[in-house]
Chemist: 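Quick one: the structure is below, questions incoming.
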Amino acid sequence: MRRFFIESILDNVILKGDEFEHFKKVLRGKIGDKITCFCGDGKEYLCEVDKIENNYANAKVLEIKNSDKDSSLNVTVFVGIPKGDKMEFLIQKLSELGVSKIIPFESSFTIAKPKNKQDRYKKIAIEACKQCGRTIPLKVLDCVSFKEMLKSLKDYDISYFAYEQAYGGNFDDVKNHKNIALIVGSEGGFSEEESKLILEAGAKIVSLGKRILRCETAPIYAVSVIDYLTKN
Ligand code: SAM
């Protein structure tokens, strides 16, 4: 069934803007159509369209269900700002893998500058929800400094540091934790000094294997392992 994102849902649902255009022009929606809506509260709203005007459609809520597609874990991925549009790729893929938040950070080897693309990022996260079935969109927070990232690690049950020069370290203890941070570098990786500071901040070093993965491959690999080890 077609899925629509609505900012807030009360007794009924109003499709407007892009969601309305999609319903009317792409799907050729009509009165009586059943649609599924979500608003980021972990629920799915089964609705029936009962009114179509020039620039909006109204649907009444028939049934509300708790979603079983959202992750029970809170996984935050700290990523060194990647170049080009790799962040968009990561938002889509990490959404599918159930990640809650991406927090970009600057470090000594990051070349790309923070981008002000929150609207675009939100749109990609919502589209990913429609495709994969989750109802709470992944959030991309504003870029933080390396120091701010280190400070925030204390907010997590465990932090994993994917270090390209790690010789060992794995995710075997992840099952005991719900609130998990993962730190992955940008194309340039980490300086020795930075790796020392991350470890001093309490993160656990992990290797993602003997090959160097690209900065857009590494988080997908790591989160897939976390997801696999924690699924029940
Ligand atoms: N410029 C670095 C180098 O040449 O060694 C490589 C950086 S890599 C492209 C980007 C990030 O992915 C790394 O900083 C690290 O967080 C992660 N990564 C890539 N391969 C990894 C591996 N085998 N083990 C752990 N982390 C890895």
Chemist: Does the Asn12 side chain pair with the main chain of Ala59, one donor and one acceptor, at a distance under 3.5 Å?
Modeler: no
Chemist: Would you please test Ile35 and Val49 for side chain to side chain contact (heavy atoms under 4.5 Å, CB included) and show each step?
Modeler: CA-CA 8 Å; Ile35 56 175; Val49 177; 4.1 Å; yes
Chemist: In the single-linkage hydrophobic clustering (I, L, V, M, F, W, Y; side-chain heavy atoms under 4.5 Å), do Ile124 and Ile126 co-cluster?
Modeler: no
Chemist: Among pairs that include at least one residue of residues 28-66, which meet ring-ring contact (aromatic ring centres under 6.0 Å, His included), considering only residues two or more places apart or in two chains?
Modeler: Phe5-Phe38
Chemist: Please check if the number of heavy atoms outside Lys139 that lie under 6.0 Å from its NZ is greater than 12.
Modeler: no
Chemist: Any donor-acceptor pair under 3.5 Å linking the side chain of Ser224 with the backbone of Ile220?
Modeler: yes
Chemist: Side chains of Asp50 and Lys60, heavy atoms from C-beta outward: is any pair under 4.5 Å?
Modeler: yes
Chemist: Can you sort out the partners of Phe171 under ring-ring contact (aromatic ring centres under 6.0 Å, His included), two or more places apart, ordered by chain and number?
Modeler: Tyr160
Chemist: Taking the basic N atoms (NZ, or NE/NH1/NH2) and the acidic carboxylate oxygens, is any pair closer than 4.0 Å for Glu187 and Lys86?
Modeler: yes
Chemist: Determine whether Tyr167 and Leu213 fall in the same hydrophobic cluster, where Ile, Leu, Val, Met, Phe, Trp and Tyr are linked whenever their side-chain heavy atoms lie under 4.5 Å apart.
Modeler: no
Chemist: Got Cys47 and Thr36 here, is their nearest side-chain heavy-atom distance under 4.5 Å?
Modeler: no
Chemist: Look at atom CG of Asn176 and say whether more than 12 heavy atoms of other residues, nucleotides or ligands are closer to it than 6.0 Å.
Modeler: yes
Chemist: Using every non-hydrogen atom in the two residues, find where Cys215 and Val184 come nearest and quote the distance to one decimal.
Modeler: O-CG1, 4.4 Å
Chemist: Among the clusters formed by ILVMFWY side chains lying less than 4.5 Å apart, do Ile198 and Val144 turn up in the same one?
Modeler: yes
Chemist: Salt bridge (charged side-chain N to carboxylate O under 4.0 Å, His left out), that's the test. Do Glu127 and Arg120 meet it? Break it down for me.
Modeler: CA-CA 11 Å; Glu127 289 309 313; Arg120 168 105 186 110; over 6 Å; no
Chemist: Can you classify the ring geometry of Tyr163 versus Phe190 as parallel (below 30°), tilted (30 to 60°) or perpendicular (above 60°)?
Modeler: perpendicular
Chemist: Can you tell me how far the CG atom of Leu199 sits from the CG atom of Leu150, to the nearest 0.5 Å?
Modeler: 10.0 Å
Chemist: Tell me, with the steps shown, if Val79 and Leu90 meet side chain to side chain contact (heavy atoms under 4.5 Å, CB included).
Modeler: CA-CA 10 Å; Val79 288; Leu90 279 176; 4.2 Å; yes
Chemist: For a 4.5 angstrom cut-off between non-hydrogen side-chain atoms, does Phe4 reach Val13?
Modeler: no
Chemist: Any heavy-atom pair between the side chains of Lys24 and Arg28 that's under 4.5 Å?
Modeler: no
Chemist: Would a single hydrophobic cluster contain both Leu94 and Ile183, if residues Ile, Leu, Val, Met, Phe, Trp and Tyr are joined by side-chain heavy-atom contacts under 4.5 Å?
Modeler: no
Chemist: Spell out, as yes or no, whether a donor-acceptor pair under 3.5 Å connects the side chain of Asp157 to the backbone of Ile180.
Modeler: no
Chemist: For Lys51, is there any backbone N or O sitting under 3.5 Å from a side-chain donor or acceptor partner on Asn58?
Modeler: no
Chemist: Taking Lys25 first and then Glu19, would you say they form a salt bridge - that is, a charged N and a carboxylate O separated by under 4.0 Å?
Modeler: no
Chemist: Verify the neighbour count for atom NZ of Lys30: are there more than 12 heavy atoms of other residues, nucleotides or ligands below 6.0 Å?
Modeler: no
Chemist: Verify, without hydrogens or angle tests, whether Glu194 (side chain) and Ser108 (backbone) share a donor-acceptor contact under 3.5 angstrom.
Modeler: yes
Chemist: For Asn170, does its backbone N or O pair with a side-chain atom of Lys204 as donor and acceptor, under 3.5 Å?
Modeler: yes
Chemist: Do Asp142 and Gln118 get their side chains close enough for a donor-acceptor pair, meaning under 3.5 Å?
Modeler: yes
Chemist: Name all residues meeting the side-chain hydrogen bond (donor to acceptor under 3.5 Å, both in side chains) criterion together with Asp18; count only those two or more places apart in sequence or in a different chain, and write none if there are none.
Modeler: none
Chemist: Consider salt bridge (charged side-chain N to carboxylate O under 4.0 Å, His left out). Of Lys69, Arg134, Arg3, which one does Glu44 pass it with?
Modeler: Arg3
Chemist: Between Glu96 and Gln131, which heavy-atom pair has the shortest distance, and what is it?
Modeler: CG-OE1, 3.7 Å
Chemist: Hey, what do you get for CG (Leu46) to CG (Leu62), rounding to the nearest 0.5 Å?
Modeler: 5.0 Å
Chemist: Hey, does His22 have a side-chain heavy atom less than 4.5 Å from the side chain of Arg2?
Modeler: no
Chemist: Using a distance-only test with no angle check, is there a side-chain donor-acceptor pair under 3.5 angstrom linking Gln165 and Ser195?
Modeler: no
Chemist: Return yes if some donor-acceptor pair links the side-chain N/O of Asn66 with the main-chain N/O of Lys43 below 3.5 Å, else return no.
Modeler: no
Chemist: Got more than 12 heavy atoms from elsewhere within 6.0 Å of NZ, Lys123?
Modeler: no
Chemist: Can you tell me how far OH of Tyr221 sits from CZ of Arg211, rounded to the nearest 0.5 angstrom?
Modeler: 8.5 Å
Chemist: Nearest 0.5 Å please: distance from the CZ atom of Phe146 over to the CD atom of Glu193.
Modeler: 8.5 Å
Chemist: With rounding to the nearest 0.5 angstrom, report the NZ to CG distance, Lys101 to Leu138.
Modeler: 10.0 Å
Chemist: Taking all heavy atoms of Phe20 and all of Ile52, pick out the closest pair and write down the distance.
Modeler: CE1-CG2, 4.1 Å
Chemist: Would you say the side chains of Asp155 and Ser152 form a donor-acceptor pair under 3.5 Å?
Modeler: no
Chemist: Side chains of Glu7 and Cys39, heavy atoms from C-beta outward: is any pair under 4.5 Å?
Modeler: no
Chemist: Test your reading of the model: is there a side-chain donor-acceptor pair from Thr230 to the backbone of Ile226, 3.5 Å cut-off?
Modeler: yes
Chemist: For Gly189 versus Glu164, what's the shortest heavy-atom pair and its separation?
Modeler: CA-OE2, 3.1 Å
Chemist: How about Lys16 and Asn55: do any of their side-chain heavy atoms sit closer than 4.5 Å?
Modeler: no
Chemist: Using every non-hydrogen atom in the two residues, find where Ser71 and Gly98 come nearest and quote the distance to one decimal.
Modeler: CB-O, 3.6 Å
Chemist: Apply side chain to side chain contact (heavy atoms under 4.5 Å, CB included) to Lys178 and Asn74, showing your working.
Modeler: CA-CA 6 Å; Lys178 286 255 175 255; Asn74 172 26; over 6 Å; no
Chemist: Tell me the closest heavy-atom pair linking Ser95 and Ala128, and the distance in Å.
Modeler: CB-CB, 3.4 Å
Chemist: When you group the ILVMFWY residues by side-chain heavy-atom contacts below 4.5 Å and let the links chain together, are Phe109 and Met149 in the same group?
Modeler: no
Chemist: Taking atom NZ as the centre, does Lys117 end up with more than 12 heavy-atom neighbours from other residues, nucleotides or ligands that are less than 6.0 angstrom away?
Modeler: yes
Chemist: Kindly say whether Gly209 contributes a backbone atom to a donor-acceptor pair with the side chain of Ser207 at under 3.5 angstrom?
Modeler: yes
Chemist: Take Ile102 and Leu141 through the test side chain to side chain contact (heavy atoms under 4.5 Å, CB included) and record every step on the way to the result.
Modeler: CA-CA 6 Å; Ile102 296 178; Leu141 271 48; over 6 Å; no
Chemist: What I want to check is whether the side chains of Ser145 and Glu148 have a donor and an acceptor closer together than 3.5 Å.
Modeler: yes
Chemist: What's the separation between atom OG in Ser186 and atom CD1 in Ile81, rounded to the nearest 0.5 Å?
Modeler: 8.0 Å
